[in-house]
Amino acid sequence: MPFPPRPGSVIPGPRTEKGTPMDKTFQPAEAEARIARLWEEAGAFRAGANARPGAQPFSIVIPPPNVTGSLHMGHAFNNTLQDVLARWHRMRGDDVLWQPGQDHAGIATQMVVERELARQGNEGRRELGRARFLQKVWEWKEKSGGTIIEQLKRLGASCDWSRNAFTMDPHFQRAVLEVFVRFYEEGLIYRGKRLVNWDPHFETAISDLEVENREVHGHMWHFKYPLAGGETYTYTERDADGNVTFEEVRDYISIATTRPETMLGDGAVAVHPSDARYAPIVGQLCEIPVGPKAHRRLIPIITDEYPDPNFGSGAVKITGAHDFNDYAVAQRNGIPLYTLMDTKARMRSDGLSYEQSARIASGLARLRVVPKDEELFQINLVPDDMRGLDRLEARRLVVSQIESEGLAVMAPSADGPVPFVESKTIMQPFGDRSNVVIEPMLTDQWFVDTAKIVGPAIEAVRTGATQILPERDAKTYFHWLENIEPWCISRQLWWGHQIPVWYGFDLHRGAFRDETGDDALNEIELGDLLLQDDFVGAEPRRECAVDFAAVSTRFADSLAELPHPLDHARVVEVTDARAAEEAFAQGLADYNLTQDPTKLVYPVWRDPDVLDTWFSSGLWPLGTLGWPNETEEFRKYYPTSVLVTGFDIIFFWVARMMMMDLALVGEVPFRTVYVHALVRDEKGKKMSKSLGNVLDPLDLIDEFGADAVRFTLAAMAAMGRDLRLSTQRIAGYRNFGTKLWNAHRFAEMNGVFQAPRAPGVPQATAPVNRWIIGETARVREEVDAALDSYRFDGAANALHAFVWGVVCDWYVEFSKPLLQGEDAALKAETQAVMAWVLDQCLILMHPFMPFITEDLWQSTAQRPTLLAHADWPLYRAQDLVDPGAESEMRWAISLIEGVRSARAQLNVPAGLTVPMVMTEADPAARQALARNAALIQRLARIEAPTEGAAPRGSLTVATPGATFALPLEGLIDIRAEIARMTKGADKAAKEAAALRGRLANPRFVESAAEEVVEEARENLALREAEEAQLRAALARLSELV
RNA sequence: GGGCGAUUAACUCAGUGGUAGAGUGCUUCCUUCACACGGAAGAAGUCGGGGGUUCGAAUCCCUCAUCGCCCA
C-alpha cells in the first residue's frame, strides 16, 4: 500500500522571490537538517512508503551497530551502500523496509558502564550487585545509547526509524530465550567443561573470533625432565642418510617451552611415534623439574601425532588445561587436566595443598586414570610459594628454581656454559576488547553443537538460495563452516540475555533413605536428609524454560515423583547454590516444627551466565520482523533481500545467522550477501585510534556535506577492494555537488523553471535536444545495470561522467545560444528539455546525494511528491536515442574540440573570435554544421563559416567528412602548425597501419566477431581519410616555408 | 606452513579477449554574463618480470618476484 504523505506536511515548493539568484554553492549545514526534517515529517521511509500497488518487497536489515558505538568510517560506508539500494528501490516503487537497530554488545557495554561508574566515584559493579548494576546499564542506554542512530540520520540513512530495534527489547529477549529453549530441547545446546578462551580482565569466556593473535617478543626455554629412578638411555641423532651425528647417554628428556609456569600442570611428555631418538623411553615416567624436591611429580612419556620431531627437541610437554593443542593430546591419551590459574589468571590458591595434590597426581600418573571433573579440580599443583602470584612472576620463579637446580639445558658462551634460552617472536592471543593476554581456561560453558545445524547453511550458498558477493568471499564462508567448531555461547557477564536454565538439588539420586518403605519420609528420615550434604556437592538437576513460572512447573513435576512430604515442596527461586542450601535447610526445619508441608521449599537458582551477543544477533532478521510471532512484516519481508556487511564479520555474524535462522524457520535469512571491504586511510593503513589516522565521518560531513562523503564512498566501492580514503577525493565530489547546483542556477537564470512542464519525456526537434534526451536514457540504463549487479562505483562514475562531462560541459554550453537566441520556439523547447534533463539528474543522483538533490527538487518546481518518492524512470535508450542527432552532435563536438585544440596550441588569443573557411565537406558534415552553427560558433569562438579554398597560412582542422581552415596568417607560427599537423598525420598513419595489418590477416577476418571486423574497417577508413586531409593541408603549408 | 588477493599514468583506482580509462595532481592559458568548489588546452603508462594459449592478451593459463589480508 502506498504510504500517503501526512496531512499538513510542509513541502516548501519553488523559490518564489524572483530576482534573487540562488547562492553560488549548496549549504549542507543548513540544508541537511531542513531536508531531514522534511523526510521525517512525511514519514518518507516508513516500511512500504511509496510502494506501488502489488509491489515487490525489498528488505534490508541493518548490521546492528553496538549500542555503545559511534559512527566510524566503516559504518558510514556500509550504510551508504544500504541507503543507495533502499532509496533506489523505494523510488522504483518497491515495498521497501530498511530495518534499523542496535545490539546490546555485552562486554563493550558492561565495560563502558563500569568505567562511567568508576569515573563518577560510584560503587562498582560487584558492590552494586547484579540487579542494581543492570538498572545502571539501562539508565546509561536511555541516556547515551542513541548516539549512533542520530549519526546515521545525519548520513541520510533512510531507515524506517519508527521500527528501530534493540536486541534487549522485551520482544527480542523473549525470542532469544525461546530459541535457547528450543535448541536445548532439540539437543543442539549442551553444557560441558571445555577449554575456552578466557579473558582475565573481564573474567569471561570469549569466542576465538574475539581473540586477536599478535606476534610478540618471547623466549623459549630448554629444560631437562629427569627420568624416574635415575634411568638412562642412549640419545642418538642421525643425518638424512642414517649416519650417527651425535650420541650420548642421558638420564633426562629435553623439553622446550615458552611458558615455563605451565610446567606445574603438565600431565605428560609427548613425542612423535616415529621419533627414534626417544623410542627407548616411551612409556617410562619422568620428573617435572619444579616444585618442592620432596614432592616431585612424575608424568608418563607418551606418543602422539602432535609433536613435530623437527621442532625444538621433538619432545613436547602436555599441559591439557592451559593450551589448546595440549588439550587435544590430553583428550586423545587420557591425560588429566590440571588447572593452575584462577579467573584473573593468577596462580590458584584454592583447593588441596600442594603436598596432597602432588601425591594424588603422581598416583594418577602411575595408574593412568583420570578422575571426575570435580575431584580433579580440587587438585592444585601450584607450589605454596607461588600461590596467588601473577603468572609472569610465577614464570620467573620457575625458571630461576630450575636453573639453580642445574636442570636447564646449557649452551656454550664466552663466559662458559649458560642456560639455553632462545629469543624468538611468538604468537600470543589478545582479547580484542580488553587487550590483555588471553588464557585457555578449563571451565563449564554452554555450547551450540554447530555441527548439527551447519549443513543447511553450507547448502544454501552452494545451491544459490543465498548468493554471496563477491564470489570469493563464499570461499571464506565455506572454509569456516566446513571446519566449524562448537560455539561457546555463555559469557560470564551480567548484561545480556541470561541463560534460561535453572538448577536445583538432585533429590532423586538416593540422597535420602525411605527406610520404612511407606513412600513417605518420617521425621528421622528427613533429619538424615538435612544432615547429609552429598546432594549439595553433586551435579545439580537442571531444567530449561523461558521463565521461572514455566521452569517451576517442570521442577514441580519431577518433585511429584518423590516421597511425601517432599512431593509437596514449593519451588522457589534463590540467587545461587549456597542460598539454595540455606533455604532448603530452613524449609526442612520449619516443616519439622510445624509438620506443615507447605513450609517445605525446593529452591532453584538460575544460571548466572548470559549469552554471547552474537547468539542474539544471529536472530536479527527474525526478531526484528516480529518472529516468532506470525507478523505481517515477517511474512512480507522475510527472507530479506540483501545483507550489506563487512568481510570481517562473515564468521561472527553472517554464518551464524545462516545456521540459526535456517534451523529455526527453514528458510535463508537473505537472498544476497554483499560483502564489502575495509575503509583505510590514504596510505592504505587500517584506521585505528592508536595510529591517529582515523577520519571521523561526522567531521567530514561537517566539512564537505553528507552528499560528498556518501558519493565518495559509493564511487570507491569497487567490489571486494579496500578503499583508501582521502579528503581530497571528498572535496572533489563536494565540487561535483556544486557543479550540479550551478547547472540549476544557470537554468533558473534562463527561465527554465518558469516554463510550463508536461509529464513524460519532452518532444524535441533540435538535434542538441534530441541528443541529450538519448544520452539521458543511456545513463539511466547504465546506472540501473550497475546497481542491479551491486557495482556502486560503476553507477556513481556513470553519473559523474554524465552530469559533469555531458550535461554541464556540453549540453548547458550548447543551450546558451538557444536560450538566449531569437527563435522563441527553439528557446521554449530547450527550456522544456533542460528542465526534464535536470530533473532526471536529480532523480538518478538522489540515491547517492539525497540532500542536495531533494533541496533542488523542492526549490525548482511545485512537486507532487518528495524526490525520495519520485518515480524512477524506465525509458530505454533504444526508444530515445536518435542516431542522426547523436552523430551530428558528436561531429559538432569534434569540430569544436579541433578548433579549440588548434587555437590553444598555436597560442591564438582565447578571447579572439576568428573567421573559419570550410574547404571541403560531405553532405552530412554540411548539414551538421548548418543545423548547429550557432552553438559551434559560440563554443569554438569563430565567425560564421564561409566556404572556399584555404587562405594562405591558415590553421587546419579536420573532422570526419570535412576540413576547415582558420585564416590567421601573421598571427601564427607556420613551423609550429606544421609540427602539430605532422604529429596528427603520423598518429593517424600509425593507427591506420595497425588496422590494415589486422584486416590483412585472413584469420582475423575469419575468426573475429563480425561487428569487430566491421568496426575495424570503419576505423581504418576514418584514419586514412584523416591522414589524407592533414597531408593535403601540410603540402599547402610547406610551400610557405 | 595453508588459503585468498593485489601489482595499470606522479598518486588513488576502474577496466573478464578486439585502438589503454577515470578522479586527483602536474604544465600552459583564461576572472568570458551557471559554477575559480570554475573553464579551455596539454604532458604523462614496455598494464610487476618471464613463458604459454590465441588471428589478437592488461584481461585466460603456467612461473617467478614483491606487497597485503585471513587462517594455523
The side-chain contact (heavy atoms from CB on, under 4.5 Å) partner of A/Leu895 among A/Ile936, A/Ile942, A/Leu939, A/Asn932 is A/Ile936
When rounded to whole Å, the CD to C1' distance for the pair A/Glu813 and B/G39 reads 8 Å
**Message:** Please classify the nucleic acid contact of A/Asn907 as base, sugar-phosphate, or nothing, using heavy-atom distances under 4.0 Å.
**Reply:** nothing
**Asked** Can you find a donor-acceptor N/O pair under 3.5 angstrom joining the side chain of A/Lys739 to the base of B/C35?
**Response** yes
Exercise. Classify the nucleic acid contact of A/Arg900 as base, sugar-phosphate or nothing, counting any heavy atom under 4.0 Å across all strands shown.
Key: sugar-phosphate
From CD of A/Glu212 across to C1' of B/A72 the rounded distance in Å is 16 Å
Testing B/G38, B/U19, B/C55 for proximity to the side chain of A/Trp804, the answer is B/G38
(request) For residues A/Leu81 and A/Tyr790, determine if any side-chain heavy atom of one lies less than 4.5 Å from a side-chain heavy atom of the other. (result) no
Answer for the Watson-Crick or wobble partner of B/A40, both distances under 3.5 Å, is B/U28
(Q) When you measure from the side-chain N and O atoms of A/Ser901 to the phosphate of B/G42, is any distance below 4.0 Å, counting only OP1 and OP2? (A) yes
Look at all strands and tell whether A/Asn1019 reaches a base, only sugar-phosphate, or nothing, counting heavy atoms closer than 4.0 Å. base
Rounded to whole Å, the CH2-P distance (A/Trp810 to B/A34) equals 17 Å
Taking a pair to mean Watson-Crick or G-U wobble geometry with both distances below 3.5 Å, B/U19 pairs with none
Considering only heavy atoms from C-beta outward, does the side chain of A/Met716 approach that of A/Phe792 to under 4.5 Å? no
Practice prompt. For A/Ala743, answer base if it contacts any base atom (sugar-phosphate contacts may also be present), sugar-phosphate if it contacts only those atoms, and nothing otherwise; contact means non-hydrogen atoms under 4.0 Å.
Written response: base
Considering only heavy side-chain atoms of A/Asp793, the closest of B/G18, B/U32, B/A14 is B/A14
Between CZ of A/Phe478 and P of B/C71 the distance, given in whole Å, is 19 Å
Discussion item. Can you tell me if A/Asn483 touches the phosphate of B/C71, counting only side-chain N or O atoms and a distance under 4.0 Å to OP1 or OP2?
Written reply: no
A/Glu482 CD to B/G3 P, in whole Å, measures 15 Å
| A/Arg745 side chain N/O closer than 4.0 Å to the phosphate oxygens (OP1, OP2) of B/C35? | yes
> Which class fits the ring pair A/Phe736 and A/His800: parallel under 30°, tilted 30 to 60°, perpendicular over 60°?
Replying inline: tilted
Sugar-phosphate only, base, or nothing, as touched by A/His800 at under 4.0 Å among non-hydrogen atoms
sugar-phosphate
When the C1' atoms of B/C11 and B/G25 are considered, how many whole Å apart are they?
-> 7 Å
In whole angstroms, the gap separating P of B/C35 from CH2 of A/Trp741 amounts to 14 Å
*asked:* Using a 4.0 Å heavy-atom cut-off, does A/Arg980 contact any base of the nucleic acid, only the sugar-phosphate backbone, or nothing at all?
replied: nothing
| message | Heavy atoms only, 4.0 Å cut-off, all strands: where does A/Lys24 land among base, sugar-phosphate and nothing? | response | sugar-phosphate
Checklist entry - Using a cut-off of 4.0 Å on non-hydrogen atoms, how would the nucleic acid contact of A/Arg903 be classed: base, sugar-phosphate, or nothing? => result nothing
Distance between P atoms of B/U53 and B/A57 (Å, rounded)
11 Å
Self-check item: From CA spacing to verdict: ring-ring contact (aromatic ring centres under 6.0 Å, His included), A/Tyr811, A/Phe802
Solution: CA-CA 10 Å; A/Tyr811 182 64; A/Phe802 174 70; 9.5 Å; no
(message) Within the 4.0 Å heavy-atom criterion, would you say A/Ala1008 contacts the bases, only the backbone, or no part of the nucleic acid?
(response) base
Counting just side-chain N and O atoms, does A/Gln820 come under 4.0 Å of either OP1 or OP2 of B/C33?
-> no
Hey, are A/His272 and A/Glu305 close enough side-chain-wise for a donor-acceptor pair under 3.5 Å? yes
Taken to the nearest whole Å, CZ/A/Phe652 to P/B/C70 is 12 Å
Under a 4.5 Å cut-off applied to non-hydrogen side-chain atoms, are A/Phe704 and A/Thr712 in contact?
-> no
Next on the checklist: For a quick test of reading the model: is some side-chain N or O of A/Arg791 closer than 4.0 Å to OP1 or OP2 of B/G15?
Outcome noted: yes
Taken to the nearest whole Å, NZ/A/Lys816 to C1'/B/G38 is 11 Å
